[in-house]
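Have a look at the structure below, then the notes.
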Amino acid sequence: MSQFWLMKSEPDVYSFEQLKNDRTTWWTGVRNYQARNFMMNQMKLGDTVLFYHSNAEPPGIAGLAKVTKLAQPDPTQFDKKSEYFDPKSKLDKPSWFCVEVGYFQDIKNYLPLQSLREDKKLAGLLLLQKGTRLSVLPVEKKHFDHIITLGQSS
DNA sequence: GCCAACGTTGGC
DNA sequence: GCCAACGTTGGC
């Protein structure tokens with residue numbers, strides 16, 4: 001099972017800097033079954049997460065996080081005041097789950113999407129595949145290791 | 001703001 | 001179970 005992940009967030013909504021400030025956050029609001037299943041079934045404590053800024057200028061990888069708590073029901077699905085409220089969710093049978101992630105490490109270089117696309121060593125990275133809209137994606141170790149190298153090189 | 005590529009919904 | 005219509009994501 002994968003030990004490396006990429007999670008997307010719009011920095012206007014929740015940025016890596018905010019995570020660094022908060023130290024940890026529950027990854028609420030995911031309303032896609034594939035992304036939920038990754039969090040619910042596969043993410044383990046200590047898994048490393050590439051924190052990706054989507055809808056950013058430019059979009060790219062901003063830093064490193066870790067999974068700090070296993071998946072639990074996402075409380076926002078029951079909150080009528082939340083934009084993530086889901087009237088179909090039942091308290092005894094929640095539809096949506098989220099993990100807690102914590103700040104882990106800065107990277108020296110922000111890694112723009114375009115530079116990742118141009119890197120031959122990252123061929124096959126799910127993030128780069130056409131039509132991939134998942135907000136939670138597994139990352140292969142070989143790709144993860146290379147991304148770390150890019151992020152820390154001078 | 002546009003729009004391609006998906007995912008979801010609901011009528012049948 | 002099919003599929004058209006609609007909604008969303010997210011790069012550009």
Side-chain angles (χ1 to χ4, degrees), chain A residues 1-2 4-22 25-43 47-67 71-104 106-140 142-144 146-151 153:
Chain A
M1 290 293 98
S2 183
F4 307 102
W5 304 93
L6 181 143
M7 296 173 95
K8 297 180 186 174
S9 184
E10 301 188 25
D12 291 346
V13 178
Y14 196 86
S15 67
F16 184 67
E17 290 69 30
Q18 278 173 271
L19 177 65
K20 187 172 181 178
N21 194 54
D22 293 346
T25 192
W26 285 96
W27 207 262
T28 56
V30 171
R31 295 294 180 268
N32 170 285
Y33 288 105
Q34 254 186 292
R36 178 205 69 178
N37 290 344
F38 284 135
M39 289 198 285
M40 196 169 71
N41 302 329
Q42 296 196 35
M43 281 193 167
D47 281 4
T48 311
V49 174
L50 302 168
F51 194 115
Y52 179 86
H53 282 173
S54 60
N55 272 320
E57 190 49 57
I61 294 169
L64 302 176
K66 281 204 183 269
V67 176
Q72 294 195 13
D74 178 343
T76 63
Q77 70 194 302
F78 304 118
D79 179 359
K80 285 194 172 136
K81 293 195 286 283
S82 169
E83 62 175 308
Y84 301 120
F85 176 67
D86 183 349
K88 294 195 294 294
S89 289
K90 300 283 182 292
L91 266 173
D92 58 344
K93 197 169 177 291
S95 303
W96 306 111
F97 285 73
C98 55
V99 295
E100 186 195 67
V101 301
Y103 168 78
F104 175 44
D106 289 331
I107 52 173
K108 277 205 284 186
N109 315 307
Y110 182 81
L111 300 171
L113 177 61
Q114 194 189 338
S115 70
L116 302 176
R117 280 198 197 289
E118 288 166 357
D119 193 319
K120 289 197 177 68
K121 288 188 176 166
L122 295 178
L125 182 67
L126 277 176
L127 175 73
L128 305 180
Q129 281 174 22
K130 190 170 159 185
T132 297
R133 298 186 315 183
L134 277 178
S135 59
V136 178
L137 297 167
V139 176
E140 292 175 54
K142 63 176 179 183
H143 291 147
F144 179 85
H146 185 59
I147 288 167
I148 294 302
T149 303
L150 295 172
S153 69

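Basis for what follows: all heavy atoms, side chains included, without hydrogens, waters or symmetry-related copies. Reminder, nothing fancy here: chain letters follow the sequence lines and each chain counts from 1.
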(Q) Treating H143(A) as the side-chain partner and A123(A) as the backbone partner, does any N or O pair qualify as donor plus acceptor under 3.5 Å? (A) yes

Q. So what is the end-to-end bend of the helix from dG1(B)-dC12(C) to dC12(B)-dG1(C), with 5 pairs used at each end and the value given to 10 degrees?
A. 10°

Q: Identify which one of W27(A), W26(A), Y33(A) satisfies the ring-ring contact (aromatic ring centres under 6.0 Å, His included) criterion when paired with W96(A).
A: Y33(A)

Q) If only atom types and distance count, is the side chain of Y110(A) paired as donor or acceptor with the main-chain N or O of P58(A) below 3.5 Å? A) yes

Q) Any donor and acceptor pair, going by atom type alone, linking the side chain of D86(A) with main-chain N or O of K88(A) inside 3.5 Å? A) yes

Q: Name every residue in residues 122-137 of chain A that has at least one heavy atom under 4.0 Å from any atom of DNA chain B, in order of residue number, or write none if there are no such residues.
A: K130(A), G131(A), R133(A)

Q: Extract, from 5' to 3' on DNA chain B, the first and final nucleotides lying under 4.0 angstrom from some heavy atom of chain A.
A: dA5(B) to dT9(B)

Q. Quick check: does any side chain N or O of R117(A) sit under 3.5 Å from a backbone N or O of L128(A), one acting as donor and the other as acceptor?
A. yes

Q. Within a radius of less than 6.0 Å around CD of Q18(A), do more than 12 heavy atoms belonging to other residues, nucleotides or ligands occur?
A. yes

Q | Side-chain donor or acceptor of Q42(A) paired with backbone N/O of N37(A) under 3.5 Å | A | no

Q: Go through residues 77-87 of chain A and report each residue with a non-hydrogen atom lying under 4.0 Å from DNA chain C, sorted by number.
A: none

Q. Are any side-chain N or O atoms of Q77(A) and backbone N or O atoms of P94(A), one a donor and one an acceptor, separated by less than 3.5 Å?
A. no

Q: With sequence neighbours excluded, tell me which residues meet salt bridge (Lys or Arg N to Asp or Glu O under 4.0 Å) with D79(A).
A: none

Q: For E10(A), answer base if it contacts any base atom (sugar-phosphate contacts may also be present), sugar-phosphate if it contacts only those atoms, and nothing otherwise; contact means non-hydrogen atoms under 4.0 Å.
A: nothing

Q. Got a second to check how far D12(A)'s CG is from N55(A)'s CG, nearest 0.5 Å?
A. 8.0 Å

**Q.** Set of ring-ring contact (aromatic ring centres under 6.0 Å, His included) partners for F144(A), sequence neighbours left out
**A.** F4(A)

**Q.** Approximate separation, where rounding is to 0.5 Å, of L125(A) CG and L137(A) CG
**A.** 8.0 Å

